[in-house]
**Student:** 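Have a look at the structure that comes next, please.
If you're wondering where the values come from, they're calculated on a predicted model, not measured in any experiment. Below, chains carry the letters A, B, ... as their sequence lines are ordered, and counting in each starts from 1.
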Amino acid sequence: MPADNSHDVVVVGAGPAGLTAAVAAAELRMRVAIVDENSRPGGQIWRSNRNQLHPNARRWIKRAERARIRFIDDASVVGVCGPQRLDIASGSTAFRITSESIVLAVGARERFLPFPGWTLPGVTGVGALQALVKGGFDIRGKRIVIAGSGPLLPAVAADLKRRGADLLEVAEQAEFGDVARFLGRLVRNPAKLWQALRIRTNLALTPIRFGVWPIRAEGSTHVERILLTDGRRVRRIQCDIFACSFGLVPNTRLARLLGCTIGTHGIEVDDLQRTDRPEVLAAGECTGIGGVDVAKIEGTIAGHSAAGKLDDARAFLGSRTREHRLSESLDSAFELRPEVLDLAEDDTIVCRCEDVAWRDIKTRNDWRTAKLGTRLGMGPCQGRVCGSAMQALRGWSESSPRPPLQPVSLTALSSLSDSTSARELKSSHPITRDGGI
Amino acid sequence: MKHDIVLTIDGRETKVAPGTTVAAAIWNTSSLELRTSVSGEMRGPACGMGICHECRVTIDGISNQRSCLIQCDAGMKVETDAG
């Protein structure tokens, strides 16, 4: 471990927002570290293809290396042990870093909604399947169905088709009219844009259906077929992999642990990407879903702000074309229809970590009661999957986060230099010896 | 192929390209299911990005490793619940 764990700026997340923020700050002579759970920088949209960095990421990483940014890969921020002091866990070790400023660029995750069979092996999220393929999963010739909601669906579909997947269908639960209105806000002629997208992205031969949603996945040891409906007819489709997710949810847990206020779209920030906690900034999808171009501008602004160059940061404000308008357009265009919020049957697992079924959850009144009565949200994912589902299904808000933000082994905790903080972490969560909860 | 990485998955020797994650290696060469849930159901990677923890396997004797986040390494010993 490097001797000096103090920095001017620590950026959490090495996607577009994080990389641009780190580079902006480092080129202003700040001592910058960037922490990410993955082995390589890039986040989701710039995820490396096995060992090959994404070309867009590579440009920023080259600048980051020239600016002597410290990359802390394969590492999770698991706790906050004082103002500007983050506990980081990586494999069997943990260490503490301090920083004048923290920039949260932790992105978003997919929203899963429970339906019968959604826990079968081979049923994944949509971005999830792309991540698995970029991690080396061979998709050639595999029969794939993509369903759920959001712009991620056609984007991933096109990429997987290009890589040789046998793409059987893309099923968007929103009605075409609603989606077209959203596209219309981006471009004058939505029908033309859609046609162009289809042709250029090689999806011309794949059925893309709107107003269609999944009701069931079936198979013995893994998924073998799925059932889709438009509310009138039910169709059965045999497939090898079923990729399904319903929009994106900003990652706000670390921000909440730091005491930042969270708004409807994500972490609340001002024009200069500052949260309401001193020295904590945020940029990119975690502040509201807006896409990669906005994430890059916000990261640049955050990097300048974190370096104290507020006037330079303000110079970039003109490039930022949205004030959460895209986020609102997305929400209304891809609004979740009531049917997809009502797919779970009594024995459908809702909490995958603790195998809590819908029948035991549906009678509860709020998150905390359900959690205490059933162990919902008390497993390793700490409610990241079932919590977002219950927020959509019932409007339940989760409890305040507590460290560790990811399961941590005793081995790792015992290597933390400050023993007081290690004791605090140990007393709040039971942790087994060998690697997790 | 040159530079392929050799590891074992549930006792079977497996060759993968460098940069392949353990989850992808299991999916390519072994099975879609790799873990047993608390009530005994078979599970596989779901979120692909380290959030759901469904992809956990034992690597070199250490359990609860998120295979979707970990790259295959030469000589790695991977044990799943399906093997």
**Student:** Look up atom CZ in A:Phe137 and atom OG1 in B:Thr20, then write down how far apart they are to the nearest 0.5 Å.
**Tutor:**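 It is 12.5 Å, given to the nearest 0.5 Å.
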**Student:** With respect to chain A, which residue among B:Ser39, B:Cys72, B:Gly44, B:Cys55 yields the maximal number of heavy-atom pairs within a distance under 4.5 Å?
**Tutor:** B:Ser39
**Student:** Hydrogens and angles aside, do A:Arg50 and B:Gln71 bring a side-chain donor and acceptor to less than 3.5 Å of each other?
**Tutor:**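 No.
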**Student:** Listed by residue number, which members of residues 22-37 of chain B have a heavy atom under 4.5 Å from any heavy atom of chain A?
**Tutor:** B:Ala23, B:Ala24, B:Trp27, B:Asn28, B:Leu32, B:Glu33, B:Ser37
**Student:** Could you give the distance from CG (B:Asn64) to OG (A:Ser409), rounded to the nearest 0.5 Å?
**Tutor:** 10.0 Å
**Student:** Will you find, in the side chains of A:Gln382 and B:His53, an N or O donor that is under 3.5 Å from an N or O acceptor?
**Tutor:**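 No pair is found: no donor N or O on one side chain lies under 3.5 Å from an acceptor on the other.
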**Student:** In terms of heavy-atom pairs under 4.5 Å with chain A, which of B:Ala82, B:Cys68, B:Pro45 leads?
**Tutor:**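 Ranked by heavy-atom pairs under 4.5 Å with chain A, first place is B:Pro45.
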**Student:** Taking all non-hydrogen atoms of both residues into account, name the closest pair between B:Cys52 and A:Cys381 and its distance.
**Tutor:** O-CB, 3.8 Å
**Student:** Out of curiosity, B:Leu69 CG to A:Asp73 CG, how far, rounded to the nearest 0.5 Å?
**Tutor:**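 If I round to the nearest 0.5 Å, the distance is 11.5 Å.
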**Student:** What closest approach, in Å, do A:Arg47 and B:Gly48 show between heavy atoms, and which atom pair accounts for it?
**Tutor:**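 What the structure gives for the nearest pair is NH2-O, 4.4 Å.
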**Student:** For A:Gln406, is it the side chain, the backbone, both or neither that has a heavy atom under 4.5 Å from a heavy atom of chain B?
**Tutor:** side chain
**Student:** Select one option (side chain, backbone, both, neither) describing which atoms of A:Ser92 are under 4.5 Å from chain B's heavy atoms.
**Tutor:**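 Only the side chain of A:Ser92 comes within 4.5 Å of chain B.
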**Student:** Is A:Val385 close to chain B through its backbone or its side chain, or both, or neither, when contacts mean heavy atoms under 4.5 Å?
**Tutor:** side chain
**Student:** What part of A:Gln52 gets within 4.5 angstrom of chain B, counting heavy atoms only: side chain, backbone, both, or neither?
**Tutor:** neither
**Student:** Which heavy-atom pair separates A:Ala128 from B:Met49 by the least distance, and what is that distance?
**Tutor:** N-CE, 4.3 Å
**Student:** Any side-chain hydrogen bond (donor to acceptor under 3.5 Å, both in side chains) involving residues 108-117 of chain A? Give me the pairs, sequence neighbours left out, ordered by first then second residue.
**Tutor:**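 Applying side-chain hydrogen bond (donor to acceptor under 3.5 Å, both in side chains) to every pair that reaches into residues 108-117 of chain A, excluding sequence neighbours, yields A:Arg109-A:Asn251, A:Arg109-A:Ser388, A:Glu110-A:Ser245.
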**Student:** Drop me the distance from A:Asp74's CG to B:Ile70's CD1, to the nearest 0.5 angstrom.
**Tutor:**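 The CG atom of A:Asp74 sits 8.0 Å away from the CD1 atom of B:Ile70.
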**Student:** Can you give me the closest heavy-atom contact between A:Ser76 and B:Arg66, atom names plus distance?
**Tutor:** OG-NH2, 3.8 Å
**Student:** So which heavy atom on B:Arg43 is nearest to which on A:Asp355, and how close?
**Tutor:**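 Between these two residues, the closest heavy atoms are NH2-OD1, 2.9 Å.
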**Student:** Using a 4.5 Å cut-off on heavy atoms from C-beta on, say whether the side chain of A:Pro380 contacts that of B:Arg56.
**Tutor:**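 Answer yes - side chains close enough.
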**Student:** Just how far is it from atom SG of B:Cys47 to atom CG of A:Leu129, taken to the nearest 0.5 Å?
**Tutor:**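 Taking SG in B:Cys47 and CG in A:Leu129, the distance rounds to 12.5 Å.
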